[in-house]
Amino acid sequence: MIIDAHSHVWPDRIAAAALGGNRVPGLTARGDGTVGGLTAAMDRAGVDVSCCLGIANQARHVDKVNAFVAGLAGKRRVAVGTVHVDLPVEENLASLRRHGVTAVKLHPLFQNFALDDPRLWDLLEAFGSDVAVIAHVGEGGDARTNALSNPRMIADIARRFPDLRLVACHFGGYRILDQAEEMLDGADVVLETSWPPSLAELPPERVRRLVRRHGAERIVFGSDWPMTDPGAEIAAIAALGLTDDETKSVLGGTMARVLGIDSPWAG
């Protein structure tokens, strides 16, 4: 069962505007950001389940975003909602409970808060092991926003909240992989594989070595659709030279365990 841990979708009426407004310099979208577009991409790539990530750039949008992603939940889609530090902890938690959302995406580049913000840590404390966290880590913006997330912050979170189900996108450091490999060596955090415009841009021997050092049981496949083609990203993982068991763990087994999804690859 292939599970894509990282896809972004918006309501059809705002998808184009949202995708344009969240543009990362140097990247061109490969999809349209709609639910129909994601479903078609999943079908072409052979993806069984996609995590649909919602992001509220502003606190006032949190509940609407959670309502939207919750409405997508089903056999092939997992709702990954949003929180914001400008809301009180209980208001964030109430929105998640109201919509039955048990995983959230943090995106400092767009939400404009740092991963070491004390208000965020109050939220993480409240999550315990009940709410999984998928966090963007690394660059993709200007110098100020790039400084809002880095591998050291993820390592600190992993140490401070050992019960938290924490997934760090882009191997824990988009465009700063040297730092990620140094700071997250041995850290109890699940790393996700997306690297727009494609994982294939990284040397396969380096990725294979990273997977084996960190452990395939702590690596998850993510495409970051619509910024990449999921089929091409799956092919890049298949070309790494991993064992069948390692490949199955990365492509779905690990994420099934993180989310509590039944899968023959979960082990």
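For Thr243 and Asp245, the side-chain atoms include no donor-acceptor pair closer than 3.5 Å. Using modelled atom types and a 3.5 Å distance limit, the side chains of His99 and Asp63 yield a donor-acceptor pair. Checked by atom type, the side-chain pair Arg144/Asn112 shows a donor-acceptor distance below 3.5 Å.
In this structure, the side chain of Arg76 engages the main chain of Val47 through a donor-acceptor pair within 3.5 Å. Looking only at distances, no side-chain donor or acceptor of Trp225 sits under 3.5 Å from a matching main-chain atom of Gly33. Looking at Ser223, its side chain never comes within 3.5 Å of a backbone N or O of Ser7 through a donor-acceptor pair. The backbone N or O of Asp130 lies less than 3.5 Å from a partner atom in the side chain of Arg165, making a donor-acceptor pair. Formation of a donor-acceptor pair under 3.5 Å by the Thr145 side chain with backbone atoms of Asp142 is found in this model. For the pair Arg77 (side chain) and Ser50 (backbone), a donor-acceptor distance under 3.5 Å is absent. The closest donor-acceptor contact from the side chain of His136 to the backbone of Gly138 lies under 3.5 Å.
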Dump the intermediate steps for side-chain contact (heavy atoms from CB on, under 4.5 Å) on Val83 and Leu106, then the final yes or no.
-> CA-CA 8 Å; Val83 291; Leu106 304 176; 3.8 Å; yes
Carefully, step by step, assess Ile2 and Trp265 under the rule side-chain contact (heavy atoms from CB on, under 4.5 Å).
-> CA-CA 9 Å; Ile2 297 178; Trp265 293 356; 3.9 Å; yes
Residues Asp244, Thr247; criterion side chain to side chain donor-acceptor pair (under 3.5 Å); working and verdict | CA-CA 5 Å; Asp244 285 348; Thr247 300; 5.5 Å; no
When you look at Arg98 and Glu91, which way does the salt bridge (Lys or Arg N to Asp or Glu O under 4.0 Å) test go after all the steps?
-> CA-CA 10 Å; Arg98 181 159 50 249; Glu91 193 169 340; over 6 Å; no
Would you please test Arg206 and Asp178 for salt bridge (Lys or Arg N to Asp or Glu O under 4.0 Å) and show each step?
-> CA-CA 11 Å; Arg206 182 177 187 178; Asp178 288 346; 2.5 Å; yes
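Considering CG of Leu199 and CZ of Phe221, their distance stands at 9.5 Å, rounded to 0.5 Å. One distance of note links CD1 of Ile261 with CG of Leu259; it measures 4.5 Å at 0.5 Å rounding.
The aromatic rings of Trp195 and His170 sit perpendicular, their planes meeting at an angle over 60°, well past the 30° parallel limit.
Within 6.0 Å of atom CG in Asp262, 12 or fewer heavy atoms from other residues, nucleotides or ligands are found, so the atom counts as exposed in its surroundings. By the neighbour-count criterion of 12 heavy atoms within 6.0 Å, atom CZ of Arg13 is sparsely surrounded, having that number or fewer from other residues, nucleotides or ligands.
A distance below 6.0 Å separates the ring centres of Phe161 and Trp121.
Asp122 is linked by a side chain to side chain contact (heavy atoms under 4.5 Å, CB included) to Val89, counting only residues two or more places apart in sequence or in another chain. For Glu125, the salt bridge (charged side-chain N to carboxylate O under 4.0 Å, His left out) partners at least two apart in sequence or on another chain are Arg160. Applying the salt bridge (charged side-chain N to carboxylate O under 4.0 Å, His left out) criterion to Arg44, with sequence neighbours excluded, gives no partner residue.
A salt bridge between Arg119 and Asp86 is present, with a side-chain N of the basic residue lying under 4.0 Å from a carboxylate O of the acidic one. Salt bridge Asp156/Arg159: present, at least one basic N to carboxylate O contact under 4.0 Å.
Closest heavy-atom contact between Gln111 and Thr82: NE2-OG1, 3.4 Å.
Between His6 and the options Thr193, Asp224, Thr228, a side chain to side chain donor-acceptor pair (under 3.5 Å) holds for only Asp224. Arg212 pairs with exactly one of Glu246, Glu205, Glu217 by the salt bridge (Lys or Arg N to Asp or Glu O under 4.0 Å) rule, that one being Glu246.
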